Undergrad: 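Right, I'll just put the structure down here and ask away after.
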Amino acid sequence: MVVNYDQVMKLALERGFYFPSCEIYPDAPAGFWEYGPTGVNMKNKFVELWRRELVRRDGMMEIDGSQIMSRSVFVASGHIGNFTDPIVKCTKCGSTFRADRYILEKTNENVPERMADNEINGLIEKHNLRCPNCKGEFGSVSRFNMMFRVGIGPAAEEAYLRPETCQAIFVDFARIFKTMRGRLPLGVAQVGKSFRNEIAPRQSLLRLREFYQAEIEVFCNPNRLDEMSKFDEVKNTILRISSQDGGSITETTAHEAISKGLIPNKLVAYYLALLTLFYAKTGVDVKRSRFRKLSDEEKAFYASVAFDFEVETSIGWLELVACNYRSDYDLKGHGITSKQNLEVFDPTDQKKVLPHVFELSMGIDRSIYTILEHCYYEDEKHDDRVVLRLKPYLAPILVGILPLMTKDGLGQKARKIHSDLKFEYDTFYDESGSIGRRYRRLEEVGAPFAVTIDPETMQDDTVTVRHRDTMLQERVKATELRQYIQDALAAARN
RNA sequence: GCGACGGUCGUCCAGUUUGGUCUAGGACAUCAGAUUGCCAAUCUGGUAACCCGGGUUCAAAUCCCGGCCGUCGCACCA
């Protein structure tokens with residue numbers, strides 16, 4: 001069975017996982033999607049799992065920063081300078097091109113990032129470059145910045161929607177470190193929205209203009225990247241590391257990856273291992289994942305070493321997490337621009353150090369899509385029933401509560417059981433249609449358990465618990481149902 | 001952003017070629033009632049759509065123009 005993007009998309013739309021933003025209006029812009037009731041529930045649980053497996057496990061600190069930030073932040077971060085691409089537009093057909101790339105391709109002449117627009121115009125003129133589509137003349141170079149600019153207050157002070165959540169962490173670092181009595185290495189985490197004015201947003205949750213990130217910035221002493229006692233906890237975790245072109249994948253323990261030189265140090269290996277363990281718990285098939293080391297051309301402007309955590313899906317390899325060693329790029333930039341000293345004291349060295357940063361920048365929306373696709377299952381043995389085999393702790397509905405019929409007090413009894421459980425768990429009560437149909441509906445939204453109230457319940461106060469994947473049922477005392485669910489959930493987690 | 005193709009109930013599709021019984025049809029899904037009572041059962045009834053704006057015409061889902069959205073390709077993608 002091959003699951004494809006369209007099947008996942010259809011399920012997502014039909015079952016309220018996500019859908020286009022502003023869809024009742026004809027001018028709804030592309031690149032904006034909303035999470036519906038099932039989707040937001042699953043997303044919340046995904047974030048909670050992330051907290052559990054990464055933030056709490058590692059003793060990180062979580063913050064929630066502003067989405068709109070001042071111009072200075074992005075001058076310091078380099079986004080004002082580097083996030084702008086020089087573009088040229090054909091005056092005849094309107095096609096636009098990256099000026100620097102086009103010149104390099106046609107003339108082999110390198111255009112440095114900082115080259116002024118009029119110099120680039122000069123190059124186009126010198127080589128008499130024309131539009132490849134229609135041979136039309138190019139207009140003069142302009143700049144495209146991927147950041148959304150906003151105006152604050154009546155004077156419309158220049159500011160920007162953050163293009164990545166992490167700048168808040170860098171800007172707040174000094175205060176967090178001081179007030180929370182931080183010690184290196186220190187992980188600071190944040191979940192929130194970022195905004196990028198993508199030229200061509202596509203494929204629903206996979207390339208959005210407004211999207212969720214879960215970011216972790218680990219501040220560390222660059223001289224102590226191999227001094228990590230907690231590395232031993234994960235040293236035998238299997239990492240799948242691929243070559244730059246993604247061709248061959250090496251499976252090796254975190255420990256061996258370092259000795260083979262695939263990963264530069266223990267700190268990086270430790271977090272790549274945590275990330276692998278986390279994704280295994282999301283239900284993503286980690287056997288279809290890889291850490292791909294990026295070439296210099298592919299890396300972001302701030303990264304010195306970068307691994308992308310990528311997962312194989314029906315539409316190809318998809319980048320879910322960017323793991324960037326940002327060195328002191330950010331704190332140095334903010335230190336200079338703000339004129340603040342962002343060094344911290346490292347008691348081991350008895351001296352001040354400007355921390356380096358290793359980052360795990362996770363795309364939540366893409367992860368949600370991947371989980372849906374990897375958990376989507378058509379059961380050929382049972383009429384091709386569609387089962388979303390979500391982990392119980394990610395399922396939008398944990399327990400469906402279904403009276404076999406409503407008469408003879410079964411409906412009443414079932415509603416009673418429902419109200420006993422609904423405060424603690426995500427439950428769904430359903431008495432309409434045949435029992436089989438109701439089971440199938442629950443399977444499609446990934447509910448792992450269905451509790452059925454039948455005539456026997458009225459005799460001995462037992463109910464059946466039906467398991468989504470196996471379709472097997474077992475009888476449980478109604479009074480022990482809550483405990484049963486709690487145990488099942490705990491068993492799934494560990 | 002450019003180019004090609006496309007856009008009809010929640011979903012999938014018929015209808016567009018050749019404008020007119022289209023007052024837009026079906027299947028699945030959904031809702032109500034009946035019947036049944038453990039795996040998408042049956043019967044009856046209902047809800048529900050021509051992407052938006054303009055034009056041509058006696059008449060537009062159908063033709064023309066513009067916009068928006070989608071798929072693919074190019075380009076782009078911290």
Side-chain angles (χ1 to χ4, degrees), chain A residues 5-7 9-16 19-32 74 77-79 82-83 85 87-90 92-99 101-102 105 131-134 136 142 144-147 162-167 194-204 206-209 211 213 215 294 298-303 306 308 315 318-319 322 324 326 359 361 363 366 379 381-386 402-408 410 432-444 450 452-456 464 466 468 471-473:
Chain A
Y5 172 81
D6 292 332
Q7 287 171 290
M9 197 63 213
K10 187 180 173 203
L11 181 72
L13 285 171
E14 284 183 344
R15 296 298 177 190
F19 41 85
S21 181
C22 311
E23 63 177 338
I24 63 169
Y25 285 101
D27 63 346
F32 298 90
F74 301 111
S77 72
H79 286 91
N82 292 308
F83 233 47
D85 297 325
I87 52 171
V88 282
K89 189 167 180 174
C90 170
K92 203 169 142 198
C93 73
S95 301
T96 45
F97 301 88
R98 271 281 292 270
R101 304 252 168 141
Y102 192 68
E105 183 192 323
C131 173
N133 297 341
C134 72
S142 59
F144 178 74
N145 192 311
M146 297 254 307
M147 286 195 292
R162 60 187 181 189
E164 52 180 8
T165 59
C166 59
Q167 292 307 322
S194 291
F195 305 83
R196 288 179 201 170
N197 200 358
E198 292 285 351
I199 296 173
R202 244 167 232 194
Q203 285 163 326
S204 64
L206 304 185
R207 204 189 302 165
L208 294 162
R209 287 185 165 133
F211 58 101
Q213 291 186 303
E215 291 200 297
L294 300 190
E298 285 182 291
K299 280 186 313 196
F301 59 87
Y302 47 67
D308 274 355
I315 49 173
L318 190 62
E319 176 196 340
N324 296 309
R326 301 176 73 124
E359 144 184 281
S361 175
R366 290 175 170 196
D379 186 352
K381 287 189 184 134
H382 298 97
D383 313 318
D384 293 333
R385 68 181 181 131
V386 172
L402 319 171
L404 191 60
M405 56 219 196
T406 48
K407 63 185 181 190
D408 300 335
L410 294 191
S432 82
S434 74
I435 192 72
R437 177 181 295 268
R438 282 178 275 162
Y439 287 146
R440 297 290 161 92
R441 269 197 291 246
L442 286 169
E443 288 162 354
E444 276 198 14
T452 309
I453 288 80
D454 57 19
E456 212 178 316
T464 65
R466 175 186 183 271
R468 176 193 65 200
M471 296 172 71
L472 296 176
Q473 286 180 300

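Model, not experiment: these values are computed from the prediction. Just so we're on the same page: letters track the sequence lines, and every chain starts at 1.
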Undergrad: Holding to ring pair (Phe, Tyr, Trp, His ring centres under 6.0 Å), I want the full list of residues that pass it with A:Tyr5, two or more places apart in sequence or in another chain.
TA: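 Expected list: A:Tyr369.
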Undergrad: Any donor-acceptor pair under 3.5 Å joining the side chain of A:Arg207 to the base of B:G70?
TA: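 There is none.
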Undergrad: Give the rounded distance in Å between these two atoms: CG of A:Leu410 and C1' of B:C38.
TA: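 Whole-Å distance recorded here is 13 Å.
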Undergrad: Does A:Glu198 contact B:C76 through a side-chain donor or acceptor facing the base, at a distance under 3.5 Å?
TA: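 Answer is no: no donor-acceptor pair is held.
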Undergrad: For A:Glu359, what residues pass the salt bridge (Lys or Arg N to Asp or Glu O under 4.0 Å) criterion, not counting sequence neighbours?
TA: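 Applying salt bridge (Lys or Arg N to Asp or Glu O under 4.0 Å) to A:Glu359 gives A:Arg326.
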Undergrad: Distances under 3.5 Å between protein N/O atoms and the N/O atoms of nucleotides 43-53 of chain B, please, pair by pair.
TA:
none

Undergrad: Has A:Gln203 got a side-chain N or O lying under 4.0 Å from the OP1 or OP2 atom of B:C72?
TA: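 Checking A:Gln203 against B:C72: at least one side-chain N or O falls below 4.0 Å of OP1 or OP2.
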Undergrad: When you compare the protein's N or O atoms with those of nucleotides 29-33 of chain B, which come within less than 3.5 Å of each other, and at what distance?
TA:
residue : atom : partner  : partner atom : Å
B:A29   : OP1  : A:Arg437 : NH1          : 3.4
B:U30   : OP1  : A:Arg441 : NH1          : 2.4
B:U30   : OP2  : A:Arg437 : NH1          : 2.5

Undergrad: Atom pairs under 3.5 Å, N or O on each side, protein against nucleotides 10-14 of chain B: can you list them with distances?
TA:
residue : atom : partner : partner atom : Å
B:U11   : O4'  : A:Glu14 : OE2          : 3.1
B:U11   : O2'  : A:Lys10 : NZ           : 3.3

Undergrad: Select base, sugar-phosphate, or nothing to describe what A:Thr464 touches, counting heavy atoms under 4.0 Å on all strands.
TA: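 It contacts base atoms.
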Undergrad: Report each atom pair, protein N/O against N/O of nucleotides 35-37 of chain B, whose distance is under 3.5 angstrom.
TA:
residue : atom : partner  : partner atom : Å
B:G37   : N2   : A:Leu404 : O            : 2.5
B:G37   : N3   : A:Leu404 : O            : 3.3

Undergrad: Give a yes/no verdict on a cation-pi contact between A:Arg466 and A:Tyr439, requiring under 6.0 Å between NZ or CZ and the six-membered ring centre and an angle within 45° of the axis.
TA: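 Cation-pi check for A:Arg466 and A:Tyr439: passes.
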Undergrad: Quick one: label A:Phe211 by what it contacts on the DNA or RNA (base, sugar-phosphate, nothing), any heavy atom closer than 4.0 Å.
TA: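 Base, at least one base atom sits under 4.0 Å.
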Undergrad: Kindly point out which of B:C69, B:C38, B:C72 is positioned nearest to the side chain of A:Pro29?
TA: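 For A:Pro29, the side-chain atoms sit closest to B:C69.
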Undergrad: From C-beta outward on A:Glu444, which listed nucleotide comes closest to its side chain: B:U71, B:A75, B:A40?
TA: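 From the listed options, B:A40 comes nearest.
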Undergrad: May I ask you to verify whether the side chain of A:Asp454 and the base of B:C38 hold a donor-acceptor pair under 3.5 Å?
TA: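 Flag set: donor-acceptor pair detected.
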Undergrad: What does A:Ala30 touch in the nucleic acid at a heavy-atom separation under 4.0 angstrom: a base, only the sugar-phosphate, or nothing?
TA: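 Here A:Ala30 touches the backbone only, sparing every base.
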Undergrad: Mind calculating the distance between CG (A:Asn197) and C1' (B:C76) to the nearest angstrom?
TA: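 To the nearest whole Å, that distance equals 12 Å.
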